[in-house]
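Below: one structure, written as structure tokens.
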Amino acid sequence: DSSQAAEVYNVLQGDANQIRQYFIANPSALQVRSEDGRGPLWWAWEQCKTHPELLTLLHSLGADVATTEQDAKGFAPSVLCPSKIRKQMLASLSRK
């Protein structure tokens, strides 16, 4: 549902506590997809350079940050981040 996807996208623009509380109260929101097939992990990976803490937070809430699920264009979430940063993030998160 596009309205729920928009809500989740907006929540991801907030502070860490707000994001954590939202996903604890709405765990299924981690699986929400917009019309282009993207959801919280895609949006977090898009912000990997400016807000890497989003990935750490979603990972701590049980999201599979290394998922190979694809959006409507065939992109997995992590490919939206430059490869050097992506490799560092995945290595860091795999140790947690």
Side-chain angles (χ1 to χ4, degrees):
D1 158 344
S2 61
S3 65
Q4 187 179 15
E7 177 180 291
V8 171
Y9 181 84
N10 288 330
V11 166
L12 287 173
Q13 309 314 306
D15 67 49
N17 189 50
Q18 175 189 7
I19 296 167
R20 178 179 298 285
Q21 293 307 315
Y22 179 83
F23 284 109
I24 287 172
N26 304 284
S28 65
L30 286 170
Q31 305 305 318
V32 166
R33 298 288 181 269
S34 63
E35 291 176 7
D36 64 1
R38 293 184 177 185
L41 285 172
W42 282 262
W43 302 323
W45 276 108
E46 284 178 322
Q47 299 182 58
C48 70
K49 289 169 67 174
T50 55
H51 298 289
E53 70 279 1
L54 280 177
L55 288 164
T56 303
L57 179 57
L58 294 180
H59 178 70
S60 75
L61 293 167
D64 179 6
V65 296
T67 185
T68 57
E69 285 185 66
Q70 298 179 350
D71 65 13
K73 292 184 179 180
F75 294 114
S78 63
V79 302
L80 302 176
C81 180
S83 63
K84 183 178 180 180
I85 297 170
R86 177 175 62 238
K87 289 175 187 173
Q88 292 170 342
M89 287 297 301
L90 289 171
S92 172
L93 292 170
S94 70
R95 292 190 296 265
K96 294 182 181 197

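In this text, all values refer to a predicted model and were calculated from it rather than measured experimentally.
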Test side chain to side chain contact (heavy atoms under 4.5 Å, CB included) applied to Ala16 - qualifying residues, sequence neighbours left out: Leu57

Qualifying side-chain hydrogen bond (donor to acceptor under 3.5 Å, both in side chains) pairs with a residue from residues 79-91, counting only residues at least two apart or across chains: none

Summary of ring pair (Phe, Tyr, Trp, His ring centres under 6.0 Å) pairs that have at least one residue in residues 69-95, sequence neighbours excluded: none

Check against side chain to side chain contact (heavy atoms under 4.5 Å, CB included), Gln4 and Arg33: CA-CA 9 Å; Gln4 187 179 15; Arg33 298 288 181 269; over 6 Å; no

All pairs passing salt bridge (Lys or Arg N to Asp or Glu O under 4.0 Å) where residues 36-46 contributes a residue, at least two apart: Arg38-Glu46, Arg38-Asp71

Residue pairs, two or more places apart or on separate chains, that pass disulfide (SG to SG under 2.5 Å) and touch residues 7-90: Cys48-Cys81

Separation between CG of Leu93 and OG of Ser60, rounded to the nearest 0.5 Å: 9.5 Å

Non-neighbouring partners of Gln70 that pass side chain to side chain donor-acceptor pair (under 3.5 Å), sequence neighbours left out: none

Minimal non-hydrogen separation, Ala5 against Val32, with atom names: CA-CG1, 3.4 Å

Reported CG-to-CG distance for the pair Leu58 and Leu41, which is rounded to 0.5 angstrom: 6.0 Å

Residue pairs, two or more places apart or on separate chains, that pass salt bridge (Lys or Arg N to Asp or Glu O under 4.0 Å) and touch residues 48-68: none

Main-chain N/O of Val65 paired to His59 side chain as donor or acceptor, under 3.5 Å: no

Step-by-step side chain to side chain contact (heavy atoms under 4.5 Å, CB included) determination, Tyr22 to Val8: CA-CA 9 Å; Tyr22 179 83; Val8 171; 3.7 Å; yes

Residue list, ring-ring contact (aromatic ring centres under 6.0 Å, His included) with Tyr9, at least two apart or on another chain: Trp43

Student check: side-chain heavy atoms of Trp42 and Val79 closer than 4.5 Å: no

Pairs meeting criterion salt bridge (Lys or Arg N to Asp or Glu O under 4.0 Å) with involvement of residues 2-22, two or more places apart: none

Ile19 vs Gln13, side chain to side chain contact (heavy atoms under 4.5 Å, CB included): CA-CA, chis, key distance, verdict: CA-CA 8 Å; Ile19 296 167; Gln13 309 314 306; over 6 Å; no

Any residue meeting side chain to side chain donor-acceptor pair (under 3.5 Å) with Gln18, in chain and number order, not counting sequence neighbours: none

Euclidean distance, Asn26 CG relative to Gln21 CD, rounded to 0.5 Å: 11.0 Å

